[in-house]
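Naming: A, B, ... by sequence-line order, numbering from 1 per chain.
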Amino acid sequence: AQTVTQSQPEMSVQEAETVTLSCTYDTSENNYYLFWYKQPPSRQMILVIRQEAYKQQNATENRFSVNFQKAAKSFSLKISDSQLGDTAMYFCAFRPYSGAGSYQLTFGKGTKLSVIP
Amino acid sequence: NAGVTQTPKFQVLKTGQSMTLQCAQDMNHEYMSWYRQDPGMGLRLIHYSVGAGITDQGEVPNGYNVSRSTTEDFPLRLLSAAPSQTSVYFCASSRGGGPQHFGDGTRLSIL
């Protein structure tokens, strides 16, 4: 079974600054996917970024980038030039690449990010 | 494209009542799933389906039933509601290894 740990229940950042959210995971799988989801107060679950474990290059989506350290089982999210609209809960999630559990997402407990004007 | 549609958005039940949460997707995704979200717990998988006629249990299946008679629909049934089932419920769908698309959620309160 996989576990996903987000050690920061709450964080805050000044508008236009950079913030990094931490995520660690535990698995015996070699190939898998990692995700960051954003949940604003509207409650929607929005995919922010996805990383395939077999890719060494870190994924980037505009102001969002990840630092993927496979050996350390670490997957942090960096948000650059923070905007008020980034205020949300952020969830880290894991999914095996293949096998019986390959469709199932395992989520961390989330980090509540507040962007301060 | 409507994506993943969940109904209702809000519901209040009394203990012991039954109800069905509806989920429909129009993307022809073979995989659909139900999660519940509780404060401080993240999202936990209740049941999932990898295609019409095929369902399986997730992490927290007790008290819930599902069926998948069509590709589009994946209803979640509470046969006898309990206060412990007060939660926000999300339905999601995906194709193969692609990212999961989530519905807007159903907030369920059981008194």
Side-chain angles (χ1 to χ4, degrees), chain A residues 1-10 21-25 29 31-55 59 61 64 66 88-112, chain B residues 2-6 8-11 23 25 27 29-51 54-61 66 68 71 74 87-109:
Chain A
Q2 288 74 224
T3 59
V4 177
T5 302
Q6 294 179 247
S7 59
Q8 306 149 315
E10 293 191 40
L21 280 59
S22 301
C23 173
T24 58
Y25 58 94
E29 302 280 344
N31 291 320
Y32 46 86
Y33 296 99
L34 293 161
F35 307 86
W36 279 99
Y37 281 89
K38 170 185 177 181
Q39 187 179 42
S42 66
R43 207 173 64 201
Q44 289 179 298
M45 291 292 289
I46 302 165
L47 179 64
V48 174
I49 201 164
R50 179 172 88 153
Q51 175 80 42
E52 291 90 344
Y54 58 85
K55 290 186 178 180
E61 288 288 341
F64 299 88
V66 298
M89 283 289 290
Y90 287 82
F91 292 97
C92 180
F94 171 100
R95 182 171 72 76
Y97 183 75
S98 63
S102 61
Y103 289 100
Q104 303 175 40
L105 281 171
T106 300
F107 286 87
K109 295 184 177 181
T111 296
K112 183 178 181 181
Chain B
V4 179
T5 303
Q6 289 184 236
K9 295 192 183 303
F10 302 94
Q11 184 71 48
C23 176
Q25 53 93 6
M27 297 171 283
H29 288 169
E30 75 273 18
Y31 176 72
M32 297 185 74
S33 56
W34 278 101
Y35 295 86
R36 60 178 288 173
Q37 182 179 24
D38 301 297
M41 294 295 291
L43 277 73
R44 293 180 293 168
L45 183 66
I46 304 172
H47 285 285
Y48 66 98
S49 168
V50 297
I54 306 169
T55 64
D56 206 346
Q57 297 180 350
E59 180 184 356
V60 288
V66 293
R68 183 94 178 271
T71 299
F74 190 45
S87 188
V88 179
Y89 292 85
F90 286 94
C91 180
S93 74
S94 68
R95 173 180 293 126
Q100 295 199 7
H101 299 256
F102 284 83
D104 290 340
T106 296
R107 183 176 295 277
L108 181 63
S109 295

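For chain A, the nearby parts of L43(B) are the backbone and the side chain; heavy atoms of each come within less than 4.5 Å. For Q39(A), the part lying under 4.5 angstrom from a heavy atom of chain B is the side chain only. Only the side chain of Q37(B) comes within contact range of chain A, judged by heavy atoms closer than 4.5 Å. Both the backbone and the side chain of R107(B) come within less than 4.5 Å of a heavy atom of chain A. Looking at L105(A), both its backbone and its side chain come within 4.5 Å of chain B, counting heavy atoms on both sides. Contacts between Y97(A) and chain B at a heavy-atom distance below 4.5 Å are absent for every atom of the residue.
Taking CD of Q57(B) as the reference point, atom NE2 of H47(B) lies at 5.5 Å (rounded to 0.5 Å).
Between the side chain of E52(A) and the backbone N or O of Y54(A) there is no donor-acceptor pair closer than 3.5 Å.
Applying ring-ring contact (aromatic ring centres under 6.0 Å, His included) to Y35(B) and the options F91(A), Y37(A), F107(A) leaves one that passes, F107(A).
Residues passing the side-chain contact (heavy atoms from CB on, under 4.5 Å) test with Q8(A) are M11(A), L21(A), S22(A), T111(A), sequence neighbours excluded. Partners of T55(B) under the side-chain contact (heavy atoms from CB on, under 4.5 Å) rule, at least two apart in sequence or in another chain, are S49(B), V66(B), R68(B), F74(B).
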